[in-house]
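Below you'll find the structure, written out as structure tokens, and then a few comments.
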Amino acid sequence: MLPEHYVDRLLKLLADLRSKMNSSSSDGSDAQTDNLPVPRENFDDALNNLIDRLSRHYPFHEPFYAGQMLKPPHPAAWLAYSLAMTINPNNHALDGGPESSYMEKEAIRLLVQMTGLPDQALGHLTSSGTIANLEALWVAREMHPDRPIAVSPQAHYTHQRMGQVLRHPVMILPVDEDGLPDPARIDPSHPLPGTVVVTLGTTGLGRVEPLHRILPWARRHRVRVHVDAAYGGFFHLIRDTGLIDPEPWKSFKNVDSIVIDPHKHGLQPYGCGAVLFRDPSVGRFYRHDSPYTYFTSGDLHLGEISLECSRAGSAAIALWFTLQLFLPDAVLHRLSGNREETKDASIADEAATAVGLPQILANCRKAALRLYDALEASDRYQPVMRPELDIVTWIPVTRSNSYSAVSKKTEVILRRGMDAESPESKLYLSTLSLDRSDAARLLPQLNADQQSVRVLRSVLMKPEHLGFIPDMMRRLHSLNDRVD
Ligand SMILES: *Cc1c(COP(=O)(O)O)cnc(C)c1O
């Protein structure tokens, strides 16, 4: 999977880079490694050990890994990351990561353009979506200290946890008949939230919550809106392709804050989340002095607008490099809705055919629809719902048709897929536990003999999944060779 030429290229670039930065030692010696000598045998032993330990992971890079929300970074990202981390810049301040901080600001500008937020929006990378959401919830608390934050029952579990960290109440929004959050149903005796969190792409079922209905309500009631698009945010790129429902995404650009994880659908290795704020004046909440840093430049140091101190400059560099390759200007141009106005036909043409993140997202989405159709046609499985992005959920058909029978068989299929001896039969899936209210709505055909039901789940976040669906169905059928 890892192309040889990338590695050769990487080592060559690294040698060039080091000699450029290290003009004093012309004899080729390396002060750093020379000062930390390691006997050759020890190194080889440890390395063999390392390779063995690494090989015990699941094969995340193969299409037959169709389980959790895990995606191998693009070689471009790991190439840039590995080069950069040998310099190890720190994007806390321009003192520690001068060029990498400017690259982070450029990458953030591209993410801002991708969402359609106004140009002056303030943002930065974080070590994860959880920390990015923590920052958004913290700003929400500072803006409305007397009012709760509201989240839907399907919101990521960390919102409740961060409410505890912030010692701020988090209320659960009522839902409509379709299980989607509807703040208009909040009990009038209850105080209105100061901020509602809307998830565009829930982690479990991959649902896109109705931002287009919630935002007008929120504006009428002077409630702020934070969008958790940690997983789903990049799907905004294919809003107008007819592959997904464009309505919720049309309001994306009008919200108060957005979280997107480049380490989910943005081809990055872990350690790369992002938070964006529409109103740059929220920067005031971050105000602090640092006795150690902020001395080399009068420009904004990212540590001045970020809760974390040290942050990996390499993560910013990897994202910057990847976006140069996969988020062409033409795509951003088209998204900004200027397509008709653009006089330059070549830009519009390029936008229509641009390769990059939109194609990757479109293929993941098509894979999900293809799997859904195949499950519908199967007599051994039934889909739980039509996927809204690239997460597909389904159940094995059972004789007794009950929550307990389905849960048990789901567990058996998960295990069999992982433990299969031959590589042609292996299939890595994940499972999801649906509580009674979701289960009663989505799976009314089942007998509710316990509180929850466990279903099969695949996040089809590799574009290669598109061609893999027939093979995946073959594997699924052999894992479920009889109805029992
Ligand atoms: C993954 C996810 C998070 C948490 O992000 P991490 O990067 O794993 O910390 C938050 N919200 C949603 C909707 C997610 O899918």
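Here the CG-CG distance, from Leu434 to Leu205, works out to 5.5 Å after rounding to the nearest 0.5 Å. How far CE of Met143 is from CZ of Phe277: 10.0 Å, rounded to the nearest 0.5 Å. Atoms OG and CD, from Ser152 and Glu209 in turn, are 3.5 Å apart once rounded to the nearest 0.5 Å. Separating the CH2 atom in Trp78 from the OG atom in Ser314 is a distance of 14.5 Å, to the nearest 0.5 Å. If you take NZ on Lys71 and CZ on Phe60, they are separated by 15.0 Å, rounding to the nearest 0.5 Å. Atom CG in Leu432 sits 10.0 Å away from atom CZ in Arg454 (nearest 0.5 Å).
Between the side chains of Thr126 and Glu135, no donor N or O sits under 3.5 Å from an acceptor N or O. If you check the side chains of Ser310 and Asn90, you find a donor sitting under 3.5 Å from an acceptor. Between Arg224 and Thr195, the side chains place a donor N or O and an acceptor N or O closer than 3.5 Å (distance only, hydrogens not considered). Checked by atom type, the side-chain pair Thr393/Arg457 shows no donor-acceptor distance below 3.5 Å. Asp449 and Ser404 are linked by a side-chain donor-acceptor pair at a separation below 3.5 angstrom, with hydrogens and angles left out of the test. There is no side-chain donor-acceptor pair under 3.5 Å between Glu464 and Asn363. Residues Ser257 and His226 have side chains that bring a donor and an acceptor to within less than 3.5 angstrom of each other. When only modelled atom types and interatomic distance are considered, His265 and Asp390 share a side-chain donor-acceptor pair under 3.5 Å. For the 3.5 Å distance criterion, the side chains of Ser281 and Arg284 qualify, holding a donor opposite an acceptor.
Side chain of His57 to main chain of Leu54: a donor-acceptor pair is present (N/O by atom type, distance under 3.5 Å, no hydrogens or angles). Between the side chain of Lys253 and the backbone N or O of Leu117, no donor-acceptor pair lies under 3.5 Å. In terms of modelled atom types and a separation under 3.5 Å, the side chain of Ser378 and the main chain of Ala374 share no donor-acceptor contact. Put simply, the side chain of Thr158 never gets that close to the backbone of Arg161: no donor and acceptor are under 3.5 Å apart. A donor-acceptor contact shorter than 3.5 Å is absent between the side chain of Thr199 and the backbone of Gly201. Asp261 contributes no side-chain N or O that, together with a main-chain N or O of Lys264, makes up a donor-acceptor pair within less than 3.5 Å. Under the 3.5 Å distance criterion, the side-chain polar atoms of Arg287 are left unmatched by any main-chain donor or acceptor of Glu304. At distances below 3.5 Å, not a single donor-acceptor pair connects side-chain atoms of His236 with backbone N or O atoms of Gly232. Under a 3.5 Å cut-off, the side chain of Thr241 and the backbone N or O of Ile238 do form a donor-acceptor pair. Not one N or O on the side chain of His159 forms a donor-acceptor pair closer than 3.5 Å with the backbone of Thr130.
Checked for salt-bridge contact, Asp373 and Arg386 miss the test: no charged N lies under 4.0 Å from a carboxylate O. Between Asp182 and Arg185 there is a salt bridge, since at least one side-chain N of the basic residue sits less than 4.0 Å from a carboxylate O of the acidic one. Contact check on Arg207 versus Asp178 returns a salt bridge, with a Lys/Arg side-chain nitrogen under 4.0 Å from an Asp/Glu carboxylate oxygen.
The two atoms that bring Leu180 and Val208 nearest to each other are CD2-O, 4.4 Å, heavy atoms only. Across all non-hydrogen atoms, the minimal contact from Gly163 to Val170 is CA-CG2, 3.7 Å. Shown here for Tyr428 and Met418, the closest heavy-atom pair between the two residues is CD2-CG, 3.7 Å. Here the shortest heavy-atom pairing between Gly123 and Ile305 reads O-CD1, 3.7 Å. The shortest non-hydrogen separation linking Pro118 to Val112 is O-CG1, 3.5 Å. Here the closest heavy-atom approach between residue Ala66 and residue Ser458 is recorded as O-OG, 2.6 Å.
Other residues, nucleotides and ligands place no more than 12 heavy atoms under 6.0 Å from the NZ atom of Lys408. Crowding of Arg219 atom CZ: a count of heavy atoms from other residues, nucleotides or ligands under 6.0 Å exceeding 12. Residue Asp187 qualifies as enclosed at atom CG: its count of foreign heavy atoms under 6.0 Å is above 12.
Take Lys250 and apply the salt bridge (Lys or Arg N to Asp or Glu O under 4.0 Å) test, not counting sequence neighbours, and it matches Glu247. In this structure Arg278 satisfies the salt bridge (Lys or Arg N to Asp or Glu O under 4.0 Å) test with no other residue, sequence neighbours excluded. Legend: residues meeting ring pair (Phe, Tyr, Trp, His ring centres under 6.0 Å) with His263, ordered by chain and number and at least two apart, are Tyr270. Considering only residues two or more places apart in sequence or on other chains, His190 meets the ring pair (Phe, Tyr, Trp, His ring centres under 6.0 Å) condition with none of them.
Looking at heavy atoms from C-beta onward, Asp228 lies in side-chain contact with His156 at the 4.5 angstrom threshold. Put simply, the side chain of Pro396 reaches to within 4.5 Å of the side chain of Thr410, judged on heavy atoms. Two residues are said to be in side-chain contact when any heavy atoms from C-beta on lie closer than 4.5 Å; Asn91 and Met103 fail this criterion. Contact of the Val406 side chain with the Glu411 side chain is not registered, since no non-hydrogen atoms from C-beta on lie closer than 4.5 Å. At a threshold of 4.5 Å between non-hydrogen side-chain atoms, the residues Thr203 and Tyr231 do not count as touching.
Between Phe326 and His74, the ring centre distance stays below 6.0 Å.
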Given the rule in the side-chain contact (heavy atoms from CB on, under 4.5 Å) test, do Thr115 and Leu276 qualify, once you have shown the distances and angles that lead to the verdict? CA-CA 9 Å; Thr115 61; Leu276 312 172; 3.9 Å; yes

Check: Which is it for Leu371 and Trp394 under the side-chain contact (heavy atoms from CB on, under 4.5 Å) test, yes or no, and what are the steps along the way?
Finding: CA-CA 10 Å; Leu371 177 59; Trp394 70 100; 4.2 Å; yes

* Audit row: Tyr102, Trp320, ring-ring contact (aromatic ring centres under 6.0 Å, His included) steps and yes/no -> CA-CA 10 Å; Tyr102 292 117; Trp320 179 91; over 10 Å; no

* Chi angles and distances behind the side-chain contact (heavy atoms from CB on, under 4.5 Å) call for Val455, Leu442 -> CA-CA 11 Å; Val455 305; Leu442 294 166; over 6 Å; no

>> With side-chain contact (heavy atoms from CB on, under 4.5 Å) as the criterion, how do Trp217 and Ile186 come out once you've worked through the C-alpha distance, each side chain's angles and the decisive distance to 0.1 Å?
In response: CA-CA 12 Å; Trp217 173 89; Ile186 293 175; 4.2 Å; yes

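Legend: salt bridge (Lys or Arg N to Asp or Glu O under 4.0 Å) pairs involving residues 306-326, not counting sequence neighbours, sorted by first then second residue: Glu104-Arg311.
Ring geometry for Trp249 against Phe252 counts as perpendicular: the plane angle is over 60°, on a 0 to 90° scale with 30° as the lower cut.
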Let me have the donor-acceptor pairs involving side chains of residues 92-99, under 3.5 Å, with sequence neighbours excluded, atom names and distances please.
unit_1: His92; atom_1: NE2; unit_2: Thr293; atom_2: OG1; d: 2.9
unit_1: Asp95; atom_1: OD1; unit_2: Tyr294; atom_2: N; d: 3.2
unit_1: Asp95; atom_1: OD1; unit_2: Thr296; atom_2: OG1; d: 3.3
unit_1: Asp95; atom_1: OD2; unit_2: Tyr294; atom_2: N; d: 3.4
unit_1: Asp95; atom_1: OD2; unit_2: Phe295; atom_2: N; d: 3.1

